[in-house]
Every structure is written in structure tokens, then in C-alpha cells.
Number of protein chains: 2
Amino acid sequence: MSGPTVHDVARTAQVSLATVDRVLNNRGGVSSKAEAKVKAAVAQTGYVRNLAAANLSRRRVYRFSFVVPSGDTGFVALLQAALERERDRLVEEQILIQIIPTHAFDVAGQVAALRNLDCDAVAIMASEAPEVQEEVSRLRASGVRVVTLVADLPQSDREAYVGLDNVAAGRTAAEFMGRFLGDSGEILMIAGSLSSRDHNERLMGFRRVMQERFQHLTLLPAVEGNDEARSVERLVSEASAIRPLVGIYAIGAGNKGLVRAVQKADAKPVTIVHELTPTSRQGLRDGTIDLVLDQDTSAAVVAAVRIMRDLTEGRDVPVDTGKIRLNIFSRENI
Amino acid sequence: MSGPTVHDVARTAQVSLATVDRVLNNRGGVSSKAEAKVKAAVAQTGYVRNLAAANLSRRRVYRFSFVVPSGDTGFVALLQAALERERDRLVEEQILIQIIPTHAFDVAGQVAALRNLDCDAVAIMASEAPEVQEEVSRLRASGVRVVTLVADLPQSDREAYVGLDNVAAGRTAAEFMGRFLGDSGEILMIAGSLSSRDHNERLMGFRRVMQERFQHLTLLPAVEGNDEARSVERLVSEASAIRPLVGIYAIGAGNKGLVRAVQKADAKPVTIVHELTPTSRQGLRDGTIDLVLDQDTSAAVVAAVRIMRDLTEGRDVPVDTGKIRLNIFSRENI
DNA sequence: AGTAAAATGATTGACGTACCTCAATTCAAT
DNA sequence: ATTGAATTGAGGTACGTCAATCATTTTACT
């Protein structure tokens, strides 16, 4: 009924159980001849290790941490929720998830959070600061597997990145912006922070496609909304006051302010924002927002866990596991 | 290290292990008082069953079948590939997947495939024919859990549907079509078969949004391409010959023919198709196709497996598990 | 040939749950 | 009080793998 076991492998390989074990868990001390025999037997019998038995036996408990910014609105709230949701599911697979909240731009706090971490692997969403990268190196050196989440730290020792291709996201935003807008006009781009990598990459992608394909549209200099509704609202209002905008690309958080400002504006610009939150969802419904580009937080969490598990298991991680698909939402498919 | 076990529950509940077992696996024959004690102890200790140990113990092997149309191009090929990919991962979780290929419109063959099925659950993608539905009932009656995949059989006894909301897909297609097209003109809709539910639902959604929001555009009567490149090509060519099309919504397969026809046409229509295949991907790249609406086959397989497992475990299936997100691909985000 | 090192075999005890049997106890109804 | 049924306890075995120990055989090198 159940498939072949190590015993079957041992029998067909004509070696002892101990040798099979040594090969399977490469403990060394096996002649190449015996190793070949075992491998042949594995292939012949079609043996696949029973993960349940394996985990049970070694009483493995995966301890994973998520060091992520806290907050009760916007994207980070979604991420938190996704984490909580997955947590329950994962407990019975012996995967314990610890969520360590930090503050969005508080580098010192992030470093502190990473400092006394006791786990097998960690997924971090933090600032691209040297101190953080240093801490990543330290973690890796102490045997902790590190994955970046949503915001990559490509210069660091992290072993994988889970999140969007932000350049592609920006390009996509530009494409739809361009196609929705027939005529010429001015477009406002609002980033959360001009010094954060993910926002910059989105900007870059957006700009590039605009230049390549939609030169009749004019890009205003990018502004910084600090991911806060207030300042976003003010920026949009101010820009609209000078002359009507035909398009707005909001790269970071603070969509509540954006919606307020757009609703007050004289002409309705084509508005593209990031992250499907209650606010942006409502914006889609009432027509204030035209498109929402979203990275699925659940998918991100699942992918992160999968990668962390593969890493701690010593398996090699399939490429693309960390690539989170860009979801595009319009009023018709929310 | 590892969490509380049944022993801990028994101890804190002040009952024997046997009673805990009886409650946990509701075998009956337990006084309500004892049951309450056990449940309280579970809550108090925070006991969660160790799935690995449980599965190991009962040497459970999930046997799932996928009865799906075969083919080496287009969507079905993607589905096959996704199945093969997932299969390897699932084996070591004791989930054995059998793929039973059928032919797309061959009802008799589909029924035959469903007839002598020996498994715990089955995911089927088949025609919405009474014979098939009857077979579903028979399967259910014999204890097999049934899930429909991609093409729903809502009238049948199936317990869940994994796939797109096809009406929403059609609506989304219409929205982008309408927004991409400023001027008026004629739009061609090509379904695979006008009698298949999923295609019909997409048509319906498309038509409705066109009528609601884009009345300046004219819809030609929907035509039937039989999911074949040849006939799709012919239909598009013929329609274009009469007068230039401004838009094409291709609902089914046969995109190779579509691409050929569009490339020969005088004016380039806005072209929206379904399913991200090598053909449609290439079409996006070279600009023949403007948008691809895709249902992620891997996600569908994963969701189907998850639901089948939950069903055979007797757990209730979270709503929305079967909802596959509509992926929207443009040339910038493939 | 002799010796050390390397390789292999044989065996055992967890891990946590499921499932079974058999005996012991409690309970309800006469 | 007696009987029969319902409930509870005690204990054991199995699942497949991991990880360890110790004895034994083979190999390599002088």
C-alpha cells in the first residue's frame, strides 16, 4: 500500500540498513561501490523518503521568524494578517512562526530585532542600511538562514528574496497608464521614499516605459509621500492645483490621502496604486482608483516559509520560488 | 521543545489516554463529562495534533486522481506540466497523484475514465453532460470526494470547484478592452464552444460590461472556434475581411491561428486572449496580443490537492480555497 | 604478515499518533 | 440487589525514519 521503505532499498541493494541510512543522509564513511548500489536500489525501487516519518523521528521543529514592520493599516497590516492566518496551518506541520514587529524606518530597532534571534531561519523586511546588512551577515555566520521579504537587500548575505520584481511592476503600471490615456498630459508619481530600493525600482520601470512608448505624456518630478496619507493628500492637491493631472502613479502607502485628494480634484486622473487594501479596494469600487497592482501577501508568506524550509533542510531552492506574481486588480475583478 | 502531546492532554484532563483518543477521533462511547474535560485540557495545553505522526501511524496514503483532457499544446499542456511538477513534491507527503488523460469533448471517454476509479478523491475537468454528472453522483455515493477543476459542474454532486470566476474574467476582459479602445468600432468574440459553461460565462460577463459601460463599441455575434487554430484563423480572417475589427476577445484555445490572422490583418485590433501559453506569451512580446488573462495552473493544482486532502480528512474546506485568481499579463509583466 | 583504518552489519530506542483488545469500573433500570 | 449496558482504563503494537552503539569484516599500507 505505502511505497517502498528503507528496508526495501537495503534488501535490493544487498547492503545493511545502516549503510542505506549513511548514504541517504550522507553521513560519510561509505565506499563508492556501496553508495552506487544504494543509489541504484533507490532508483529501482522508486523509494521516496516519508517526510512524516522523517520529521517525526528527528522531532524536527522548524522555528522561523518574520521580522517585519508593524502597523494596523495598509500593506503591513495585510502582511501581519497573512502571517497570522498561515501560522495556524503551519503549527501542525511542526513549523513555528514567530512574528517580530519593527518600525518602518527605524534601522536601530530592526538591527536590535535581528540581534538576539533564536531560530532556524528568518524572513526580514527591513531598510537597506549597512547596519542591517551587517546583521544579516552575522546571522548567516551563526547558521541562521536568511530570506528577504518584499524589500530586497541584494548586497547582503541573504540567500533568497521573496517579493515582486519591482521594475516590472513599474513598467506594467506605465503600460496601463499609457494605454488608458489617449491624450497628452502630466503624470504625478508619488513614492513613499525616494531612497528605498523597491520604490526606486518601480519608479525606474515606470519612467522607462513612459519614455520608450508614451512620449506624449509628461512625467512630473517624483515626489516623496513618506507613506503617510496626510502628505500624500497634500502633494496631490498641490500638484493638481497648478494644472490638472491626467494620471497618478502612487508607489507607496498612504492611499487614503490619495483618494481624498483625487475626489476633490476637478478632473479625474487615471490613478494607479499599489497594494490591495480596504482603502484601495474601495477606491476601485467607486472609481477613484483605476488599477491596483498588488503582491499577494499570503503567497509571499507561503513562498517564504517554503524557501526557509528548503534551506534549513539543505535542499536547493528551486529558482522562481521567491518570485511573487504581480496581481492586477480593476473594478471588475476584485 | 515539541508541543504538548496526547499524553499531556490525558494528564491534565485526568483521564486515560484511551479516552483522549476516543474524544479526539470521535469514536463515541464517551460521557459528555469526560468529553468536556478532554476538550478543556486540549484548550488549556494548547495541544495540536502532530500531523506527521498521525499520518505515519495510520499509514495514510492519499490517492488522488486528476481526470483532465490531454494534449500537448495550450492550456491542457500547461495543466499537465503543473501536475507533473507538483507530483514529485507531493509524493513524499504520501500524496499519490494519478493523471488520467481524456479527450476534450469525448463525453463517453470521460465517463469511462470516471467509471473504474480507485482513489480517495478526484479532480475532474470534463464536459457538462448529464452522463458525466451522473457519474459524479455515483462516485460520491461510493465515497470518493469529487472536485471540479477549471470547468465547473454546478448541477452535479461535486463538493468544490477550483478555478476562475469566469464571469468576472469576461467582465475584466471587457473593461480593459473598453479602456484600451477610445473610438467606436466592432469587436469579435471567439469562444471555443458556445455550449460550454465556462466560455459562456466569460461571454456573458464580457457582454454585460460592454453594455453597461462601453456602448460606443459594437459586439459582433459570438462565433465558435472549437479551440482549434485553423478555425480560429479562418473566423478572424473572414470577420476582418468584411470590415476592420478594433478588438478581439478570444475565449478559448487556438491562439496560434488567432496570431496568424491578426498579423495578416490591415489594422491591428486590441486583442485579449485567455491562458498564458508559449504562443500567447510570444504574442504579447511581439505586440500581436495586448492582454492575456490567465488562470495559474500550478495554483489550481495546489488548491485542488489541498481541498481534496481536507475533504478526505473530513475537515471543512475554507471557502475561497478554490478561487483561482485571475492573472493579467501584458508585455511588461510576463 | 601484521596492523591500523575504513567500511559495513546488526541492533536498538526514540518520535507521537492511531487503533485494537481486554479488563475493570460506573451507571441505569428493573 | 441484581443485571446488563455503557463507560473508562491499561497496555500494547505498528507506522518509517533517524541516530546511535558496538561488533565485525574488509581494505590499505607498511
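The sequence lines fix the lettering, A, B, ..., with proteins before strands; numbering per chain opens at 1.
- When side chains are defined from C-beta on, B:L153 does not count as touching B:V146, because their heavy atoms never get closer than 4.5 Å.
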Report, as a single string ordered 5' to 3', how protein heavy atoms within less than 4.0 Å touch nucleotides 16-22 of chain D: B base, S sugar-phosphate only, - not at all. BBBB---

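- Here C:dA6 presents its C1' atom at 15 Å from CD of A:E35, a figure rounded to the nearest Å.
- Rounded to an integer number of Å, the gap from NZ of B:K33 to P of C:dC27 is 7 Å.
- In terms of heavy atoms, A:V132 sits closest to A:A126 at CG1-CB, 4.1 Å.
- The minimum heavy-atom distance between B:A77 and B:D72, with the atom names listed, is CB-C, 3.6 Å.
- The side chain to side chain contact (heavy atoms under 4.5 Å, CB included) test with B:L79 singles out one residue from B:Q295, B:E84, B:M125, and that residue is B:M125.
- Taking 4.0 angstrom as the limit, B:S31 places none of its side-chain polar atoms (N or O) nearer than this to OP1 or OP2 of C:dT26.
- A donor-acceptor pair under 3.5 Å is absent between the side-chain atoms of B:T148 and the main chain of B:I124, judged by distance alone.
- Distances shorter than 4.0 Å separate some side-chain N or O of B:T19 from OP1 or OP2 on D:dG9.
- If you check the side chains of B:R85 and B:S298, you find a donor sitting under 3.5 Å from an acceptor.
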